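One structure is given here, and the rest of the page talks about it.
The model shown is predicted, which means the values in this text are computed figures rather than measured ones.
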Amino acid sequence: MPKNPAEYTADSIKTLDPMEHIRLRTGMYIGRKGDGAQYEDGIYILLKEVLDNAIDEFIMGYGKRIVVKLDYATGEVSVRDYGRGIPLEKVVACVSEMNTGGKYNDDVFQFSVGMNGVGTKAVNALSERFTVRSTREGRFVEATFAKGKLLERKEGETKERNGTFMGFLPDVEIFPKFAFRAEHVARRLKMYAYLNAGLTIELNGEPVRSENGLMDLIGAEADGGQLYGPFHFRSKMLEVAFTHTNHMGEEYYSFVNGQYTNDGGTHLTAFKEGFLRGVQEFSKKRYDGDVARDGIIAAVAIRLKDPVFESQTKNKLGNPEIRAGLVAEIKKVVEDELHRHPEDAQRLLDKIDETAKLRAASKDLQKTIRERAKQSAVRVEELIDCKRHLDKAKGKGEDTMIFLVEGKSAGGTVGTARDTQTQAVFKLRGKPLNVCDLRRDAIYKNKEFYDLVKSLGIEQSPDNLRYGKVILATDADVDGLHIRNLLITFFLRFFDHIIKDGRLFILETPLFRVRNAKQSFYCYDDAEREAAIKACGAKAEITRFKGLGEINAKEFKDFIGEGIRLTPVDVHSDTRVWDTVQFLMGANTPERRRYIFDNLFVDNTDF
């Protein structure tokens with residue numbers, strides 16, 4: 001009988017050393033790999049794991065300054081803290097031997113983030129080059145590794161201050177074509193600063209610091225749109241801050257021992273319940289939770305001696321035993337703050353009452369929406385749907401996308417060229433409504449926006465988005481740019497979570513086609529056009545594309561396939577983004593006209 005090549009024998013059983021296991025099963029240790037385009041991609045988790053150790057030193061009262069150097073061209077990172085330094089005889093073990101570290105000792109680290117003895121080992125294993133150097137009382141030990149394997153260890157005397165240096169270069173075998181994005185790095189460092197008032201983190205010489213903790217965070221995220229406060233409370237073990245805006249949905253930032261838990265957990269659940277109970281007790285009214293919290297931006301940070309996280313990436317807190325006590329404490333904090341600031345408390349209640357009235361007024365419409373949502377398919381005339389959709393809970397459908405296009409002509413082109421499995425099309429009817437200064441009931445009164453919201457699946461919550469990417473595919477002319485800005489205003493006004501989650505994009509389409517009898521080039525800017533003209537020679541034929549409808553489906557298929565060019569709509573670099581939107585899109589015509597005339601530039605070559 002011939003041997004089955006898939007036969008299960010003793011030879012099938014393999015034992016990997018810890019570093020090999022990390023490299024083979026990377027997702028267990030750092031989550032998604034990615035390429036650096038998204039905030040949660042693996043390279044940022046590597047940076048986080050190294051920074052967590054430095055933060056733990058600060059929490060324990062050692063070292064108020066952390067120096068981070070990052071070469072965006074090469075991807076090389078270093079972090080230097082001025083804490084106690086790793087005990088010299090354990091330097092190599094602490095970064096290369098699993099389940100080894102000082103976080104098991106409560107006397108040394110009472111409120112640490114790292115606790116499993118895994119973090120820096122994962123960084124070491126997943127780095128092309130990794131260096132650790134500890135300095136204590138005039139002596140140092142330095143070790144260099146490659147992909148988790150020790151290359152060199154040296155020690156000696158030094159005049160350096162106490163502390164630990166770690167440097168790493170992510171391995172391209174694990175992270176091919178990776179690149180750190182400055183806005184994601186800056187955001188992570190700001191989160192650390194918000195949680196650790198008094199700490200200074202230097203990024204390439206620029207200080208990142210917060211004096212007011214979570215209050216600074218809420219102010220930055222509200223972007224000037226807060227309706228009151230924010231309210232703020234801080235003690236040794238608990239800190240909370242919150243306000244409301246006119247945006248839809250709820251926005252939270254939760255932390256444990258200085259660690260940003262972006263998936264929340266027990267402490268966030270406790271805050272939501274404690275907030276509602278505190279508001280109800282203060283107002284003597286019985287509000288529904290989704291009404292009281294609609295439009296809220298809140299942050300909660302706790303210190304916990306033995307935190308239990310649901311994975312090595314520490315994105316979600318367990319510890320159900322703390323819930324009841326934390327709910328009671330937050331309820332009292334909220335109630336006390338409302339009594340302490342009666343004018344802001346009244347603004348909060350006015351916001352909740354307004355939401356309640358709006359919900360009541362649209363109750364029949366909401367009932368209709370829920371009934372229609374139960375149907376298996378979304379039926380909107382302007383929607384050409386795809387077969388698969390986003391399911392964030394199951395981690396499926398991230399490759400799905402919907403193109404928002406101008407009119408039937410462009411819709412026909414994209415609809416013919418698309419991948420029916422993963423690409424949907426929504427056809428806009430001309431210029432959409434400018435909602436910059438409108439209330440959210442405009443969504444239900446305007447048929448086009450109502451159909452769009454329904455197509456996206458976000459009638460009830462932005463969390464129900466049906467596509468991994470929402471792509472603005474407008475023409476490359478003045479009208480197309482205006483439509484694009486109107487759509488971005490719509491998302492910023494009512495569904496900014498979609499932008500903050502990195503799901504709104506602009507489709508880059510070629511402006512020119514340059515060809516001769518032998519070859520064709522599609523050019524996205526003037527520089528590419530000039531290069532194509534040189535390549536095609538004197539007989540080059542140049543076509544200027546003004547609208548998507550001018551590009552045939554066969555050509556367009558290449559532009560939305562594997563080589564698709566997308567520009568993310570990113571607001572993290574603009575700390576006053578809503579002020580900018582209101583200036584450009586709001587009802588301030590005289591100011592805007594004056595700005596245009598003062599900054600108008602006329603290029604005579606156009607005439």
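In this structure, His232 has its ring center no closer than 6.0 Å to that of Phe242. The aromatic ring centres of Phe255 and Tyr260 sit less than 6.0 Å apart.
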Take Thr261 and Lys316 through the test side-chain contact (heavy atoms from CB on, under 4.5 Å) and record every step on the way to the result.
CA-CA 5 Å; Thr261 47; Lys316 189 173 184 179; 5.9 Å; no
Intermediate values then yes/no, side-chain contact (heavy atoms from CB on, under 4.5 Å), Leu238 and Ile330
CA-CA 9 Å; Leu238 173 68; Ile330 291 173; 4.2 Å; yes
Trace of the salt bridge (Lys or Arg N to Asp or Glu O under 4.0 Å) decision for Glu160 with Arg136:
CA-CA 9 Å; Glu160 290 183 57; Arg136 298 189 79 169; over 6 Å; no
With side-chain contact (heavy atoms from CB on, under 4.5 Å) as the test, would you mind laying out the steps for Val132 and Asn124 before giving the verdict?
CA-CA 9 Å; Val132 58; Asn124 188 355; over 6 Å; no
Checking Phe165 against Ser78 for the side-chain contact (heavy atoms from CB on, under 4.5 Å) test, could you report, in this order, the C-alpha distance in whole Å, the side-chain angles of both residues, the deciding distance, and whether it holds?
CA-CA 7 Å; Phe165 169 94; Ser78 68; 3.5 Å; yes
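Note on Glu221 versus Lys500: salt bridge recorded, some NZ/NE/NH1/NH2 to OD/OE distance being below 4.0 Å. Salt-bridge annotation for Lys121 and Glu97: absent, with no side-chain N of the basic residue lying under 4.0 Å from a carboxylate O of the acidic one. For the pair Arg139 and Glu137, the salt-bridge criterion is not met [side-chain N within less than 4.0 Å of a carboxylate O]. Using a 4.0 Å cut-off between charged nitrogen and carboxylate oxygen, Lys48 and Asp52 count as a salt-bridge pair. With respect to Asp216 and Lys190, no salt bridge is recorded, no charged nitrogen being found less than 4.0 Å from a carboxylate O. Lys149 has a carboxylate O that lies under 4.0 Å from a charged side-chain N of Asp17, or vice versa, which qualifies the two as a salt bridge. Lys392 has no carboxylate O lying under 4.0 Å from a charged side-chain N of Glu398, or vice versa, which leaves the two without a salt bridge. Taking the charged nitrogens against the carboxylate oxygens, Glu155 and Arg153 do have a contact shorter than 4.0 Å, which makes a salt bridge. A salt bridge between Lys33 and Asp41 is absent, with no side-chain N of the basic residue lying under 4.0 Å from a carboxylate O of the acidic one. Using a 4.0 Å cut-off between charged nitrogen and carboxylate oxygen, Glu76 and Arg129 count as a salt-bridge pair. Salt-bridge formation is not detected for the pair Arg188/Glu183: no Lys NZ or Arg NE/NH1/NH2 atom is positioned less than 4.0 Å from an Asp or Glu carboxylate oxygen. A salt bridge is defined here as a Lys NZ or Arg NE, NH1 or NH2 lying under 4.0 Å from an Asp or Glu carboxylate O, and Lys469 with Asp399 fails to meet this definition.
Between the side chains of Glu206 and Asn204, not a single donor N or O lies within less than 3.5 Å of an accepting N or O. For the residue pair Thr567 / Glu508, a side-chain donor-acceptor distance below 3.5 Å is found, with atom types taken as modelled. Residues Arg65 and Thr200 have side chains that never bring a donor and an acceptor to within less than 3.5 angstrom of each other. A donor and an acceptor atom, one from each side chain of His184 and Gln38, are nowhere located under 3.5 Å apart.
Listed here is the closest heavy atom pair of Leu46 and Ala122: CD2-O, 4.5 Å.
Proximity of a side-chain donor or acceptor of Glu329 to a complementary backbone N or O of Gly325 within less than 3.5 Å is not detected. Panel note: side chain Glu57, backbone Arg84; a donor-acceptor pair is recorded below 3.5 Å. Side chain of Ser127 to backbone of Phe130: no donor-acceptor contact under 3.5 angstrom is found. Arg503 places a side-chain N or O within 3.5 Å of a backbone atom of Gly468 that can act as its donor or acceptor partner. The main-chain N or O of Leu304 is found under 3.5 Å from a side-chain atom of Asn257 such that the two form a donor-acceptor pair. A donor-acceptor contact shorter than 3.5 Å is absent between the side chain of Asn319 and the backbone of Glu321. Listed for the Thr120 side chain is no donor-acceptor partner under 3.5 Å among the backbone atoms of Val123. With hydrogens and angles ignored, the 3.5 Å screen pairs no side-chain donor or acceptor of Asp391 with any backbone N or O of Lys396. Remark: the backbone N or O of Ile86 is paired with a side-chain donor or acceptor of Ser134 at under 3.5 angstrom. The backbone N or O of Asp496 sits nowhere less than 3.5 Å from a side-chain atom of Asp501 that would complete a donor-acceptor pair.
In this structure, Ile564 and Phe559 have side chains that are not in contact, with every pair of non-hydrogen atoms separated by 4.5 Å or more. You'll find the side chain of Asn53 stays beyond 4.5 Å of the side chain of Asp81, heavy atoms only. Between Phe309 and Val256, the closest side-chain pair of non-hydrogen atoms falls below 4.5 Å.
When Ile458, Leu492, Val569, Asp463 are each tested for a side chain to side chain contact (heavy atoms under 4.5 Å, CB included) with Ile498, only one passes: Ile458. Here the options are Glu173, Glu128, Glu20, the test is salt bridge (charged side-chain N to carboxylate O under 4.0 Å, His left out), and the partner is Lys147; only Glu173 passes.
To the nearest 0.5 Å, the span separating NE2 on His389 from CZ on Arg466 amounts to 3.5 Å. Phe231 contributes atom CZ, which lies 9.0 Å from atom CZ of Phe275 (distance to the nearest 0.5 angstrom). Rounding to the nearest 0.5 Å gives a distance of 10.0 Å between CG of Leu317 and CG of Leu268. Remark: His497 NE2 to Ser461 OG distance equals 7.5 Å, nearest 0.5 Å. Distance check, rounded to the nearest 0.5 Å: CG of Leu126 to CD of Glu49 gives 10.5 Å.
Note on ring orientation: taking the six-membered ring where Trp is involved, the planes of Phe175 and Phe178 are perpendicular (angle over 60°, cut-offs 30° and 60°). Ring geometry, Tyr39 versus Tyr44: the interplanar angle falls under 30°, so the pair is classed parallel (tilted spans 30 to 60°).
Within 6.0 Å of OH on Tyr62 lie no more than 12 heavy atoms contributed by other residues, nucleotides or ligands. Counting non-hydrogen atoms of neighbouring residues, nucleotides and ligands closer than 6.0 angstrom, the CD atom of Gln519 exceeds 12 such neighbours.
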